[in-house]
Amino acid sequence: MEMVNWGVLGTAGILGCTAKGMNLSEHCRLYAIAGRSKDKVDDFMAKYGFEKGYLSYDELLDDEEISAVYIPLPNNLHYEWVMKALNKGKHVLCEKPLAPDAATAKKMFETAKANNVYLMEAFAYQHSPYMEAVEKEISDGVIGNVRYIETAFITSDYDNSNIRMRRETLGGAAYDLGVYNTSFILRVMGKVPDNIKATASFSDNNIDLLTNGHIEYADGAKGTFTCGMVLETNADRRLDRFEIQGSKGTIRSGRFEYNLSGELTYEIVTFDECGNMNEPVMKSVKTPDNYMLEVEQLSMCILGESVPFVTEEFSVNNAEFLDGVLQAIGYYK
């Protein structure tokens, strides 16, 4: 079986999820990992089976045996190392948010095309058959025309040593969590809202801890979203929820978390011709490891068997959506 040699830049916590998925991927070979701590590099090599370890990101990028690079570095380092990897001729899977703004995202994709390599943003949950099932319910007209959508993604907060809580690493709820809200809405609605309003509560470190958004489309559809890091500190608590109201019915989340695998559910409520509510229907979707799905998908692209599912258009549109949110809350004041 033809394999793709993958390298990883960094030893971030999210790598624990992604490396597990990489091991489950049929066409991914965990070839090398680079980090600034030898102990961490050695630990990840032993735990997940990487064949090589580097203490320099540049050395890893110079390794000609590596075809694809996964970048889980802090948000403020994405642009620098994605560009370096692309210019070394590596295909890149970069953690969300890909870029601090849409203009930067566009430049990154232009560089990928100039080097004839793929660049894909790491939205693992977007590869899930659960999302495909929800999208199909809507495209099949089960709930009619979407009139209202809401999403929430709220987690624990962290101490100030965490990169999510620091301004210099582009921390805050919108960058860390809001990109899930916006990408979910973008997947369902198919376009960036025509009007974006948002408010936020800021920390002493000048990052948003709780952001609430209100969106409107030219056709009259509306929506709201909430993202925040306000639950019990360092307790790994979370709240993930969505509801999509249509002209004929509603889809709402059941057992659901972003990036969750296993047996996930959603509920459909429809109405009869007299406007009476039909019996709610709970649907179940068997969902493989989302991180495996995204790594396998990009590997297949590299092998010439597919094209990126999370496209340039999707990532740039999501960055434009987030630009509107950040501007509305005054993140850059």
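Using modelled atom types, no side-chain atom of Asn212 and backbone atom of Thr226 make a donor-acceptor pair closer than 3.5 Å. Panel note: side chain Gln245, backbone Ile149; no donor-acceptor pair is recorded below 3.5 Å. Side-chain atoms of Ser299 come within 3.5 Å of backbone N or O of Val295 as a donor-acceptor pair. For the pair Thr250 (side chain) and Val269 (backbone), a donor-acceptor distance under 3.5 Å is absent. Proximity of a side-chain donor or acceptor of Asp208 to a complementary backbone N or O of Ala174 within less than 3.5 Å is detected. With Asn290 contributing its side chain and Pro288 its backbone, the two residues share a donor-acceptor pair below 3.5 Å. The main-chain N or O of Asp176 is found under 3.5 Å from a side-chain atom of Lys96 such that the two form a donor-acceptor pair. Between the side chain of Ser139 and the backbone N or O of Lys136, at least one donor-acceptor pair lies under 3.5 Å. For Asp140 (side chain) and Val142 (main-chain N/O), no donor-acceptor pair under 3.5 Å exists by modelled atom type. Within the 3.5 Å criterion, the main-chain N or O of Asn145 finds a donor-acceptor partner in the side chain of Ser247.
The hydrophobic cluster containing Met292 does not contain Phe44, counting ILVMFWY residues as joined when their side-chain heavy atoms lie under 4.5 angstrom apart, directly or transitively. One hydrophobic cluster, built from ILVMFWY side chains closer than 4.5 Å, cannot hold both Ile66 and Val4; they sit in different ones. By the rule that hydrophobic residues join a cluster once side-chain heavy atoms approach within less than 4.5 Å of another member, Tyr48 and Val69 end up as members of separate clusters. Placement of Val188 and Ile196 within a single hydrophobic cluster is found when ILVMFWY residues are connected by side-chain heavy-atom separations under 4.5 Å, directly or transitively. Hydrophobic cluster membership is shared by Ile215 and Val192, with clusters built from Ile, Leu, Val, Met, Phe, Trp and Tyr side chains linked at under 4.5 angstrom.
Atoms NZ and CG, on Lys20 and Leu15 in that order, are 13.5 Å from each other to the nearest 0.5 Å. From Ser161, atom OG reaches atom CG of Asn234 across 7.5 Å, with rounding to the nearest 0.5 Å. With rounding to the nearest 0.5 angstrom, the CE atom of Met131 is 7.5 Å from the OG atom of Ser183. From Asp272, atom CG reaches atom CE of Met277 across 10.5 Å, with rounding to the nearest 0.5 Å. Put simply, CG on Leu86 and CD on Glu110 are 12.0 Å apart, with the number rounded to the nearest 0.5 Å. Going from atom CZ of Arg187 over to atom CG of Asn318 covers 12.5 Å, rounded to the nearest 0.5 Å.
A side-chain donor from one of Asn181 and Thr151 sits under 3.5 Å from a side-chain acceptor of the other. Side-chain polar atoms of Glu257 and Tyr125 form no donor-acceptor pair below 3.5 angstrom. In this model, no donor atom of one side chain and acceptor atom of the other lie less than 3.5 Å apart for Arg167 and Asn205. Of the N and O atoms on the side chains of Glu95 and His78, not one donor lies less than 3.5 Å from an acceptor on the other residue. Checked by atom type, the side-chain pair Asp289/Ser261 shows no donor-acceptor distance below 3.5 Å. Side-chain polar atoms of Lys107 and Tyr79 form a donor-acceptor pair below 3.5 angstrom. Residues Glu263 and Thr287 bring no donor and acceptor atom of their side chains to less than 3.5 Å of each other. A donor-acceptor pair shorter than 3.5 Å can be found between the side chains of Asn278 and Thr270. A donor-acceptor pair shorter than 3.5 Å can be found between the side chains of Asn259 and Tyr291. Side-chain contact of Ser156 with Asp236: a donor-acceptor pair under 3.5 Å is absent, judged by distance alone.
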(request) Before giving the answer on salt bridge (Lys or Arg N to Asp or Glu O under 4.0 Å), spell out for Glu267 and Lys283 the whole-Å C-alpha distance, their side-chain angles and the decisive distance to 0.1 Å. (result) CA-CA 6 Å; Glu267 183 183 63; Lys283 295 199 174 183; over 6 Å; no

(request) Report the C-alpha separation of Lys52 and Glu65 in whole Å, then their side-chain angles, then the decisive distance to 0.1 Å, and conclude whether the salt bridge (Lys or Arg N to Asp or Glu O under 4.0 Å) test is met. (result) CA-CA 11 Å; Lys52 286 187 177 181; Glu65 295 298 316; over 6 Å; no

(message) Before you tell me yes or no, could you show the steps for Lys38 and Asp42 under salt bridge (Lys or Arg N to Asp or Glu O under 4.0 Å), namely the whole-Å CA-CA distance, both residues' side-chain angles and the distance that decides it to 0.1 Å?
(response) CA-CA 6 Å; Lys38 187 177 185 305; Asp42 289 345; 2.7 Å; yes

(request) Just do the side-chain hydrogen bond (donor to acceptor under 3.5 Å, both in side chains) check on His27 and Glu2 with the steps written out, would you? (result) CA-CA 7 Å; His27 295 88; Glu2 193 172 2; over 6 Å; no

(request) Just do the side-chain contact (heavy atoms from CB on, under 4.5 Å) check on Val146 and Met189 with the steps written out, would you? (result) CA-CA 8 Å; Val146 176; Met189 304 302 290; 3.6 Å; yes

(request) Please report the C-alpha distance between Val82 and Leu119 in whole Å, then the side-chain angles of each, then the deciding distance to 0.1 Å, and finally whether the side-chain contact (heavy atoms from CB on, under 4.5 Å) criterion is met. (result) CA-CA 9 Å; Val82 166; Leu119 169 61; 3.9 Å; yes

(request) Evaluate side-chain contact (heavy atoms from CB on, under 4.5 Å) for Leu322 paired with Leu326, printing each intermediate quantity in order. (result) CA-CA 6 Å; Leu322 188 61; Leu326 294 169; 4.0 Å; yes

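Considering only heavy atoms from C-beta on, Thr233 stays 4.5 Å or farther from Asp159 through its side chain. Within the 4.5 Å cutoff, the side chain of Phe202 has heavy atoms near those of the Ile329 side chain. Contact of the Asp204 side chain with the Asn160 side chain is not registered, since no non-hydrogen atoms from C-beta on lie closer than 4.5 Å. Lys84 is listed as a side-chain neighbour of Asp58, based on a closest heavy-atom distance under 4.5 Å. Side chains of Thr18 and Met22 form a contact here, defined as non-hydrogen atoms less than 4.5 Å apart. For the pair Met229 and Ile207, the minimum side-chain heavy-atom distance is below 4.5 Å. Proximity of Gln297 to Met120: side-chain heavy atoms (C-beta onward) are separated by under 4.5 Å at one or more points. Looking at heavy atoms from C-beta onward, Asn115 lies in side-chain contact with Thr111 at the 4.5 angstrom threshold.
The pair Arg238-Asp240 counts as a salt bridge, with a side-chain nitrogen and a carboxylate oxygen less than 4.0 angstrom apart. A salt bridge does not link Lys106 to Glu312: none of the charged side-chain nitrogens sits closer than 4.0 Å to a carboxylate oxygen.
Side-chain rings of Phe153 and Tyr258 approach one another, their centers coming within less than 6.0 Å. A distance below 6.0 Å separates the ring centres of Phe256 and Phe242. Ring to ring, Tyr175 and Tyr331 are close: their centroids are under 6.0 angstrom apart. The distance between the ring centers of Tyr57 and Trp81 falls below 6.0 angstrom. Checked against the 6.0 Å centroid criterion, the rings of Tyr266 and Tyr130 qualify as a close aromatic pair.
Within 6.0 Å of the CD atom in Glu132, the count of heavy atoms belonging to other residues, nucleotides or ligands does not exceed 12. More than 12 heavy atoms of other residues, nucleotides or ligands shown are found within 6.0 angstrom of CG on Asn276. More than 12 heavy atoms of other residues, nucleotides or ligands sit less than 6.0 Å from atom CD of Glu168.
Of the options Tyr70, Tyr118, Trp6, a ring-ring contact (aromatic ring centres under 6.0 Å, His included) to His91 is made by Tyr118 and by none of the others.
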